[in-house]
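One structure below.
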Amino acid sequence: MRLSNPIFLKANGMKRFLRKHVHSIKETHMKSYKKYVLITVAVVLIFILSEVGGDFGILNSSVGAWNVSRNSQYGNSTIRVPSLSGNVSVYIDNHGVAHIRAPDLRNLFIAQGYFEASNRMFQMDLQAFMAMGELSKLVGKRAVNSDISMHYIGIPEYAISLSHYLEMNYPQYYGYLEDFTSGVNDYIKTVRSDPPIGFRLLGITPPFWNITFLMAWQEFMAWSLTTGATEPLMSALMYLELGYKNTTAIWPNYPYYTEKITVVPGNGSINGFGLSSQNISTSYFWNLNFYEAWYTGIKTSTLYHVEPLIRAALKNITDPYAQIVTDSMARSIGSNSWVVAGNRSSTGAPMLANDPHLTLYAPSLWIPMQLTAPGFNVTGWSLSGLPGILIGHTNSTSWGLTTPEGNSANEFLEILNGTHYLYNGHWYPLSYYNYTLMGKKYSIAFTNNGPIIGRQTNYAISLNWRNAMYSTDMVAEILLDQSSNYGEMLHALSYWGAPPQNFALVTNRDAGYITAGKYPYFNTTLPDGKTVKTIGSRSLMNGTSEKFEPAGNVPFEYLPQVKNPLPGYAFAPNQPTASLDYPFPFVGGFWASGGRAEIIYNFLKDHKTVSVSQMKALQSNITDYWASILTPLFLGILKNTTGNSTYQREIDYLNNWNFSTDKNSIAETIYWYLVSFIYNMTFDKIYREHSLTGFPLPFPNSLIYLCKNSPSSFWFDHSFSEILKKAFSKDVAFLSAHLGNISKWRWGSVHRLEIFSLTGLSALSLGPFKIWGDTYTVSVGSVPLSLEVPEPYVTVGSSLREISVPATSTFLEVFPGGISGNPLNLYYSNQLQLWLNHDYYNFNNYREVYLYEYV
């Protein structure tokens, strides 16, 4: 799950926002200084004190801020929640997990809304304001560009449409959303007349919530996890700047060395239906040029003409405050999950592991809780600001999520004539969505394909992401929360829409996967005249003709899926979903490198049975698979070179390395900076020369392929051996200059984790901690290939870890945070140390500590 992120998943928004203000203070005269100090202090106080009124009374006017420390903890009490029609008990256990027990679902969701608001109100407001394109109401005109980005994407409009759709078609589930919103508003009523100081400093009264707020946040999350929103734009620019051969050498249509480690085992066919059964050769298909007009409907000469438009569109949908990482290829943010069937489990029962790798913030995006009502008993992680449990378990089922990385959005090149667009030979009037920001009116034009995200004279680019408009994900989630067997889980996921996700599923008896969601497909005519349904693209598509538009969605029965896989296991750490013969080939597939998948695959393959303790060991694995392939290649070239004593000692460390990225590893430091120098002298250098700075750098498997098969490549200035030798010499000199004696080159001294406060201020952050891992390890410690000492802080990690065996009631869980949004609260980061130690708490072994009675 790249959750690749909502504001806190792929975002450094408020951190960058605050840093910008603090930096500006140093450069601004006294009048502006006072203004920036007020804004900065206000935001800091918001995050420290906004979760306080109501239940916890930290900023109660009769107590005062001076008493914050004493009253920042939980305590037994009775709280009036006006929307309730029955009493609800809320227990906080010693692990900091909330247990909400209600007489029925209506009261349960009211109580969940109240509880989440009382712990995370400002976080929830920030999320809602940003997703609705109204962040400028909180922080002023500096956030206008962020708000415009949300409207370009269409999130506010889609949220309104989705709310109406659910009300008309799913009134029961719409009612649950109303209940949750009522609970949020019940809390807001307790602080509205005397709001926390952060709201007062900014002159804001906490607004009452409505269901559109919930749907906007759901849509924002869907957007942040969507592949195809920006990847084809970047891919098209690479193609234009670098040419087909050089682009596909580093970003092939199907990633190198991954066709045998797919999520769904086998050749990719589903129930005997595949490319080959359609009389299409997989070799022929996957070697086609999908940038050409036969696929896109756009001539390359036209694409060159609109290159400035492509760059402008990419900028328009990149939120400058949320800083959404706009390409899944660039950051390698991902997630792990795997399932083990009963015949390979030491318990004799199916097992599941999941750990979504997200940007880590404090407070976390997640809130751990148990929700209980008659016929309803689910435990796991709720997303702050939304009802239900997204990742978790019932008594007999468990599920986890990762992101599949196949295109579920597409961009189209449109032809305009004033206020009309061309479609199927006819001119149609553009429709408009109008909104106001900071007193100024704005308007977003729409074609039949979606919002126009960029315009250049008579050309425009539209974003087709409209499947999200009627995505019934909330229905799917609540049905999952009520599931008792595998069939019920599949039924629930038939309602999942956008974005598609790899769902790992286990029950008392069964284990499997399904990549659930709406994948739009094109009816494609291949150069040889055969037709096939394809998913996504590598570039823009022609928006003027229905021939190049989505013709439908992949039927549920043909989504990639497997139940009780023959090998006895399956895994989904963001590698390709299905192998080359999948009947709906992913032309737009921008998958992760597959390094984590290789580690998981080899571990499961080599163990005839797997125990719970071994599941934990695999989840904490810090071996870099790609390093185990690249290092021998490097040493084979360097073996006959000579240098000073440090040079030879570097060689010795690499020769004796077991490819573990432990905090004390010296070899990992040598290796990571060596690879960074190689990239700096090759891929990154060429990117800079072609104005592609910040675009996705190729994964190590592409580097490996080129080293083995094309060492004289354009990318290596025609000699990889010379690049490597120069890089190694630079590596020796660089590390010696920055770290001194080689004995001090330990990975933990340059590789550190900081869990940033949402204020962006280090004083309120958690850490820094010396940390293990790198971008390609199962237990991830993602950092860029940079030439900085120390490395930039690790900010991406396992946002939660779960290991579930429903048949034995084994549910091990942990996350690096707590339920409270108040940094002074005991349960703000109470699970962090367990998480750092790769340890867990057993959900079935807890004691109730505090009790709130909601009446």
Side-chain angles (χ1 to χ4, degrees), residues 227 231-261 282-292 295-296 300 303-304 307 310 327-332 405 407 527 536-539 575-576 580 585-595 598 625-626 629-630 633-634 637 675-724 726-727 775-776 785:
T227 301
E231 288 84 354
L233 298 178
M234 288 189 164
S235 177
L237 289 170
M238 289 185 181
Y239 168 66
L240 294 174
E241 290 290 336
L242 304 171
Y244 175 75
K245 179 180 178 180
N246 293 326
T247 299
T248 55
I250 60 171
W251 290 110
N253 294 331
Y254 197 94
Y256 301 116
Y257 311 121
T258 56
E259 64 272 12
K260 295 188 184 299
I261 56 164
T282 57
S283 175
Y284 166 76
F285 181 87
W286 288 107
N287 282 288
L288 291 171
N289 182 346
F290 296 107
Y291 294 95
E292 292 182 341
Y295 189 81
T296 65
T300 300
L303 208 58
Y304 274 113
E307 180 175 348
I310 299 173
D327 55 288
S328 61
M329 299 182 287
R331 286 282 302 275
S332 191
E405 312 286 13
N407 281 24
S537 67
R538 314 296 290 186
S539 182
Q575 82 278 32
L580 301 172
F586 289 90
V587 172
F590 300 92
W591 296 285
S593 73
E598 290 281 3
Y625 176 80
W626 297 126
I629 306 299
L630 277 171
L633 289 176
F634 295 164
I637 295 171
V675 174
S676 297
F677 272 110
I678 292 171
Y679 271 68
N680 179 263
M681 297 165 64
T682 56
F683 309 115
D684 197 40
K685 174 178 177 291
I686 293 171
Y687 276 24
R688 292 192 299 269
E689 293 170 352
H690 290 270
S691 300
L692 299 173
T693 301
F695 275 45
L697 292 168
F699 291 136
N701 41 335
S702 292
L703 174 62
I704 292 166
Y705 181 86
L706 292 175
C707 289
K708 289 183 173 182
N709 298 280
S710 188
S712 300
S713 166
F714 153 86
W715 289 105
F716 300 144
D717 196 22
H718 309 297
S719 177
F720 178 73
S721 62
E722 290 303 310
I723 289 287
L724 176 63
K726 290 177 183 177
T775 305
Y776 306 107
L785 290 168

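Numbers here simply count residues along the sequence, with the first being 1.
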Whether the side chain of [X] engages the backbone of [Y] through a donor-acceptor N/O pair (distance < 3.5 Å, no angle test) should be reported.
X	Y	result
Asn287	Ser283	yes
Thr227	Asn407	no
Ser710	Ser712	no

Do [X] and [Y] touch side chain to side chain, with heavy atoms closer than 4.5 Å?
X	Y	value
Ser721	Pro711	no
Phe290	Ser539	no
Tyr625	Leu630	no
Asn701	Pro255	yes
Pro696	Met234	yes

Looking at every heavy atom in both [X] and [Y], which two are closest together, and how far apart are they?
X	Y	result
Pro698	Tyr679	O-OH, 2.7 Å
Tyr256	Ala249	OH-O, 2.8 Å
Ile637	Leu724	CB-CD2, 3.7 Å

side-chain contact (heavy atoms from CB on, under 4.5 Å) between Trp626 and Phe699, intermediate numbers included = CA-CA 9 Å; Trp626 297 126; Phe699 291 136; 5.9 Å; no

For Asn253 and Val587, what are the C-alpha separation, side-chain angles and deciding distance, and is it a side-chain contact (heavy atoms from CB on, under 4.5 Å)?
-> CA-CA 7 Å; Asn253 294 331; Val587 172; over 6 Å; no

Residues Glu689 and Lys685 bridged, charged N to O under 4.0 Å = yes

Aromatic rings Tyr257 and Tyr705: how do their planes relate, parallel, tilted or perpendicular, breaks at 30° and 60°?
->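 Tilted: the ring planes of Tyr257 and Tyr705 meet at 30° to 60°.
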
Checking [Y] against [X]: is there a side-chain donor and acceptor pair closer than 3.5 Å?
X	Y	result
Trp251	Ser235	no
Gln575	Thr258	no
Thr247	Tyr291	no

From Phe590, Phe586, Trp286, residue fulfilling ring pair (Phe, Tyr, Trp, His ring centres under 6.0 Å) relative to Tyr254 | Trp286

Stepwise side chain to side chain donor-acceptor pair (under 3.5 Å) check, Thr300 with Tyr239 = CA-CA 10 Å; Thr300 300; Tyr239 168 66; 3.2 Å; yes

Let me confirm one number: the [atom1]-[atom2] distance from [X] to [Y], rounded to the nearest 0.5 Å.
X	Y	atom1	atom2	answer
Lys245	Ser713	NZ	OG	8.0 Å
Ile723	Cys707	CD1	SG	10.5 Å
Leu706	Ile250	CG	CD1	8.5 Å
Asp684	Arg688	CG	CZ	4.5 Å
Thr682	Trp715	OG1	CH2	8.5 Å
Phe720	Leu633	CZ	CG	7.5 Å

Using the six-membered ring of Tyr295, assess whether NZ or CZ of Arg538 lies under 6.0 Å from its centre and within 45 degrees of the ring axis.
->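 Verdict for Tyr295: no cation-pi partner in Arg538.
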
Decide side-chain contact (heavy atoms from CB on, under 4.5 Å) for Leu242 and Leu692; before the verdict, give the C-alpha distance in whole Å, the side-chain angles of both, and the deciding distance to 0.1 Å.
-> CA-CA 10 Å; Leu242 304 171; Leu692 299 173; 4.0 Å; yes

Step by step, work out the side-chain contact (heavy atoms from CB on, under 4.5 Å) result for Glu292 and Tyr244.
-> CA-CA 10 Å; Glu292 292 182 341; Tyr244 175 75; over 6 Å; no

